[in-house]
Amino acid sequence: MELIFEQSVAGRGCSLLPDCDVPQVAPSKLRTAPPRLPEVSENDISRHYTRLAAATHGVNNGCYPLGSCTMKYNPKLNDELAALPGFTGVHPLQPEHTAQGCLEVLYKAQQVFCEITGMDAMTFQPAAGAHGEFTGLLLIKAYHESRGDTARKKILVPDSAHGTNPASATMAGFEVVNLPSGPDGLVDLEKLRAAAGPDTAGLMLTNPNTVGLFDPQILEITQIVHDAGGLCYYDGANLNAVMGVARPGDMGFDVVHLNLHKTFSTPHGGGGPGSGPAGCKAFLAPFLPGQTVEEGPEGYRWHQPEQSIGRVRAFHGNFLVVVKALAYVLSLGPEGILAASRGAVLNANYLRKKLSGVYKMAFDRTCMHEFVMTLEPEKADVHVTAMDVAKALLDYGIHPPTMYFPLIVHEALMVEPTETESKESLDELLHAFLEIHQRALADPEDIRSCPHTTQVLRLDEVTAARHPVVHYQWPQA
């Protein structure tokens, strides 16, 4: 497919603006030459982006089993509600009494998500998951500093954690202590006890964890950290498996972040927008980034926490994403939220059980919302890797699962079907996986050269990574 720059024809355009009828002003920073943009007609633009859309795969095209990312269907009703003029036309600086509906959305969203997570307060400023992690860690840091407990400089992070966890902890000024997982894929309690001490600021953990297992020792884990004087942070990336079933606050966590753009079905991917609100227990609420919303005798109003860590983002976060997430929760209700979690777990276990006799499971027991396979046997026997299987799935119109993650599983494929896939859709995915495996044994080279039917075939990924072409090279005049 040609780039839109390659379709440019000198003198062609689609602007029909009238001549300027006011005096022109030429400020000192005005361009001395027009920007080098493609010169195309409106028809060219429409056709170009329609072709791009047709070549893009999303949940509206087919199955998207990307592990730990919850690529579920996004109900269009949520988009319609977020597009209401009363939400899109508001300005963050207008007086409180003129934006009561928007403040009520934030207030009700805080109530809903605090109920789901077992927290007492929440901020919607963070723009996405990692930003929510960073905010939660700043709350932990502010808490320890407020008590003069400045020796607590270390954050404990399991080796199966999401990569953003150690990155966020480092950005917040902490030293990261890596916790090796046990052979069962869960937290090694003895290693945790040995690591927790007077210099421990907190623990970052998601439950179920990144290999899709719920840790039955979770209460003991959080108690060990609390006994050492640290706080417990819950990465909400995998909440889709337990929302309505178990609450992080009841597991002993003090801080959480939520991925509204994952678990609560607002569009995910394509660069955003996301939303990663951070919730906390009451004793951390005074440190929340301002401003939060409270209800008063004259309606809803902004509230500035007494010991706020300050803003982590301009204004009040990606508000329209919160509108979509609240619409999703209110549409489903408590029973629907519970059914979504149960459906996600059922779908994952259906796939795991059907595939376990063919592919090797990293941990072959009941999982939660996702499971991890290892392609080590296939790599050793026929030199077919996880990457090869992922590429082969493209020929079936299926987006590949997460590859080579978590790092504790070699040749990993992490599969998360979500609750919005039907049994028929799951069976199509099963058929693809099973047929690919048969083809790999019969003709390994065929799989190693996949994909064969996509618009762009097998890429040289090493060259693409080391020598990326990130901008268009205009031809020399």
Side-chain angles (χ1 to χ4, degrees), residues 68 119 123 126 129-211 215 217-238 248-249 251-257 276 278-281 283-289 307-310 312 405-408:
S68 279
M119 295 291 120
T123 175
H131 199 191
E133 293 174 20
F134 179 67
T135 302
L137 289 162
L138 292 183
L139 297 180
I140 291 175
K141 188 175 186 178
Y143 169 76
H144 290 310
E145 290 180 348
S146 73
R147 301 168 69 245
D149 203 354
T150 55
R152 298 188 178 276
K153 300 290 187 181
K154 296 181 179 180
I155 294 291
L156 311 179
V157 181
D159 58 4
S160 63
H162 295 108
T164 51
N165 286 180
S168 297
T170 300
M171 287 186 65
F174 290 108
E175 177 185 342
V176 175
V177 178
N178 187 272
L179 289 179
S181 298
D184 56 0
L186 304 175
V187 172
D188 187 317
L189 292 184
E190 293 308 312
K191 298 282 178 58
L192 176 60
R193 288 192 182 94
D199 58 356
T200 299
L203 166 76
M204 297 186 79
L205 192 71
T206 185
N207 194 35
N209 64 12
T210 309
V211 294
D215 201 320
Q217 308 167 122
I218 190 60
L219 294 179
E220 191 171 356
I221 290 169
T222 54
Q223 190 61 53
I224 290 171
V225 176
H226 286 153
D227 288 345
L231 300 183
C232 297
Y233 176 90
Y234 185 88
D235 182 329
N238 294 341
M251 300 178 203
F253 289 94
D254 307 292
V255 193
V256 307
H257 92 263
C280 63
K281 291 291 191 177
F283 72 93
L284 290 173
F287 305 103
L288 283 172
Q307 298 170 271
S308 175
I309 60 174
V312 294
F405 184 78
L407 299 179
I408 62 172

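Worth saying up front: this structure is predicted, and the values here are computed from it rather than measured.
Of the possible donor and acceptor atoms, one in the side chain of Thr222 sits under 3.5 Å from a partner among the backbone N and O of Leu219. Under the 3.5 Å distance criterion, the side-chain polar atoms of Thr123 are left unmatched by any main-chain donor or acceptor of Leu288. A donor-acceptor pair under 3.5 Å links the side-chain atoms of Asn238 to the main chain of Asn209, judged by distance alone. For the pair Thr206 (side chain) and Gly236 (backbone), a donor-acceptor distance under 3.5 Å is absent. At least one donor-acceptor pair under 3.5 Å links the side chain of Ser308 to the backbone N or O of Gly310. In this structure a side-chain-to-backbone donor-acceptor pair under 3.5 Å is missing from Lys141 to Gly173.
Legend: ring-ring contact (aromatic ring centres under 6.0 Å, His included) pairs involving residues 129-158, not counting sequence neighbours, sorted by first then second residue: Tyr143-Phe283. Pairs of residues two or more places apart, or lying in two chains, that qualify as salt bridge (charged side-chain N to carboxylate O under 4.0 Å, His left out) and include a residue from residues 197-211 are Lys154-Asp199.
The distance from the OG1 atom of Thr210 to the CD1 atom of Ile408 is 8.0 Å, given to the nearest 0.5 Å. Distance CD/Glu133 to CG/Leu138: 12.0 Å, rounded to 0.5 Å. One distance of note links CG of Leu179 with CG of Leu189; it measures 10.5 Å at 0.5 Å rounding. A distance of 7.0 Å separates CD1 of Ile221 from CG of Asn207, quoted to the nearest 0.5 Å.
Taking 4.5 Å as the limit, every side-chain heavy atom of Thr164 sits out of range of all side-chain heavy atoms of Met204. His257 places none of its side-chain heavy atoms less than 4.5 Å from the side chain of Pro126.
In terms of heavy atoms, Ala196 sits closest to Thr200 at CA-OG1, 3.4 Å. Minimum heavy-atom separation, Val256 to Pro248: CG1-CB, 3.8 Å. Across Phe287 and Ser146, no two heavy atoms sit closer than the pair CZ-OG, 3.5 Å. The shortest heavy-atom contact between His226 and Cys232 is NE2-SG, 3.8 Å. The two residues Ala201 and Ile140 come nearest to each other via the heavy atoms O-CG2, 3.5 Å. Between Pro166 and Val176 the shortest heavy-atom distance is O-CG2, 3.6 Å.
In terms of the salt bridge (charged side-chain N to carboxylate O under 4.0 Å, His left out) criterion, residue partners of Glu220 (sequence neighbours excluded) are, by chain and number, Arg193. Gln217 meets the side-chain hydrogen bond (donor to acceptor under 3.5 Å, both in side chains) test with Asp215; sequence neighbours excluded. Judged as a side-chain hydrogen bond (donor to acceptor under 3.5 Å, both in side chains), and not counting sequence neighbours, the contacts of Ser181 are Asp159. Every residue meeting the salt bridge (charged side-chain N to carboxylate O under 4.0 Å, His left out) condition with Asp149, not counting sequence neighbours, appears here in chain and number order: Arg147, Arg152.
Taking the six-membered ring where the residue is Trp, Phe253 and Tyr234 present perpendicular rings, their angle passing 60° and hence far from 30°.
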Item to check | Verdict with supporting geometry, Val225 and Leu192, side-chain contact (heavy atoms from CB on, under 4.5 Å) | outcome: CA-CA 8 Å; Val225 176; Leu192 176 60; 4.3 Å; yes
